[in-house]
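As structure tokens, the structure follows; a few thoughts come after it.
Quick note: numbers below take in every heavy atom, side chains included, and nothing from hydrogens, waters or symmetry partners. These figures come from a predicted structure and were not determined experimentally.
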Amino acid sequence: MNASLGRIRAIASTTLLELTRLRVFYVLILFALVLIISSTFLARISFQQELQVTKDISLGAINFFLSLLAIVATAQVLPRDMDDRVIYSVLAKPVSRFDYIIGKFLGVIALLIISLVAMSVLCFIVLHFRAEAAWREANQQMTQLAPQQPSGGGQAVRGAGLSLELVVALTLILAKCIILAAATLCISAFATSSIFTITAMAMIYIIGNLEGIVRDYWLQEHPAGWVARVFLAFVAFVFPDLQAFDVSNLVAGGVSMTGPFLMKLLSLGAFYALSYLLLAIAVFYQREL
């Protein structure tokens, strides 16, 4: 057991090192540019609802770039090892295919966590400076209008920057990206190229983000027969509702999320990630190398 854990840890660390050498962290540069440009634009319009808009833009950028990173990085781990013939030397050693897949998956998750932390820190910095600027502006306005009254609105503006709901939203984004990584690894286990894997995952990403909207529209506009319900249930079972993990609108609007709501989404994410991962292991065991 300890030997197996050691092999998985070694494969995961090697995978993380290889992915960083592929310059996938250029995604973080793009994310930084999006935040800087959007923050500059907001500074030119007004402070009204500025923090809510900044949160929405920041979470949307993190959601998009981390999802892109999860798909592109995972789609390269198996084909790259096969092209370089590294996989043959690894599996020739006392390393099972189970250890190999788990190690690769954990290496991608480590990359996603590091990237999320880096983007979150940048997001917190931007929110901090925007909240401080909005706080000073609010204090100046309240001082000019009613200097004899205590300025409690400025503290409310400052407190609207960082919140627990923002951390919850980032956690759900990570859960969503882990699902995408597991699904990508599942397709990559039988695919012959990374291009096919990325294309298939792009379709799954679109389906996962639109299935909730399409399902609600279909049930409202058409009679809910048993055939339609079975088909919609099948689609919902195979493809996770990725839109359910996007709570940026709730966070930007200051809506608090309850513990049961969070646990439900995390349990759903764990179910899909584990299912895709087990399927990837089963497919990879049947693949001829």
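Looking at Leu268 and Asp241, their side chains never come closer than 4.5 Å, going by heavy atoms from C-beta outward. You'll find the side chain of Ile187 reaches within 4.5 Å of the side chain of Ile204, heavy atoms only. Side-chain contact between Ile178 and Tyr276 is absent, with no heavy atoms from C-beta onward closer than 4.5 Å. Ser194 is not listed as a side-chain neighbour of Ser188, based on a closest heavy-atom distance of 4.5 Å or more. Leu172 is listed as a side-chain neighbour of Leu262, based on a closest heavy-atom distance under 4.5 Å. Within the 4.5 Å cutoff, the side chain of Thr197 has no heavy atoms near those of the Gln76 side chain. Residues Phe245 and Asn63 have side chains not in contact (no heavy-atom distance under 4.5 Å, counting atoms from C-beta outward). Ser13 is not listed as a side-chain neighbour of Leu16, based on a closest heavy-atom distance of 4.5 Å or more.
Nearest heavy-atom pair, Leu17 versus Thr20, reported as atom, atom and distance to 0.1 Å: O-OG1, 2.6 Å. A pairwise comparison of heavy atoms in Leu277 and Ile102 identifies CD2-CD1, 3.7 Å as the closest pair. Minimum interatomic distance between Ala280 and Ala189 (heavy atoms only, all atoms of both residues): O-CB, 3.7 Å. The two residues Thr15 and Val108 have their closest heavy-atom pair at CG2-N, 4.5 Å. Shown here for Leu111 and Ala73, the closest heavy-atom pair between the two residues is CD2-CB, 3.8 Å. Residue Ala169 comes nearest to Leu59 through the heavy atom pair CB-CD1, 4.0 Å, listed as atom of the first residue, atom of the second, then distance.
Ile71 and Ile195 are not part of a single hydrophobic cluster, where members link through side-chain heavy atoms under 4.5 Å apart.
Clustering of Ile, Leu, Val, Met, Phe, Trp and Tyr by side-chain heavy atoms under 4.5 Å joins Met203 with none of the others. The hydrophobic cluster around Leu278 extends to Leu274, counting ILVMFWY residues whose side-chain heavy atoms fall within less than 4.5 Å of a member.
Here CG of Leu66 is found 6.5 Å from OG of Ser115. Values are rounded to the nearest 0.5 Å. Rounding to the nearest 0.5 Å places CG of Asn209 at 5.0 Å from CD of Gln243. Here the straight-line distance linking atom CG of Leu185 with atom CG of Leu180 works out to 12.5 Å at 0.5 Å rounding. Of the inter-residue distances, the one linking Asp99 atom CG with Ser96 atom OG reads 3.0 Å to the nearest 0.5 angstrom. A distance of 11.0 Å separates OG of Ser67 from CD1 of Ile62, quoted to the nearest 0.5 Å. Met119 contributes atom CE, which lies 8.5 Å from atom CG of Leu112 (distance to the nearest 0.5 angstrom).
Under the ring pair (Phe, Tyr, Trp, His ring centres under 6.0 Å) criterion, Tyr205 pairs with no residue at all, not counting sequence neighbours.
Between Asp246 and Lys176 no salt bridge is recorded (no basic side-chain N to carboxylate O distance below 4.0 Å).
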Requested in this report: Starting from the C-alpha separation in whole Å, work towards a yes-or-no answer on side chain to side chain contact (heavy atoms under 4.5 Å, CB included) for Gln286 and Arg97.
Outcome: CA-CA 10 Å; Gln286 301 299 321; Arg97 298 195 181 194; over 6 Å; no
Under the criterion side chain to side chain contact (heavy atoms under 4.5 Å, CB included), I'd like the reasoning laid out for Asp81 against Val90: C-alpha separation, chi angles, the key distance, then a yes or no.
CA-CA 10 Å; Asp81 281 1; Val90 172; 6.0 Å; no
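Results of the ring pair (Phe, Tyr, Trp, His ring centres under 6.0 Å) test with Phe284 over Phe190, Phe105, Phe98, Tyr100 single out Tyr100 as the only residue that passes.
When atom types are taken as modelled, the side chain of Arg287 and the backbone of Ala191 share a donor-acceptor pair closer than 3.5 angstrom.
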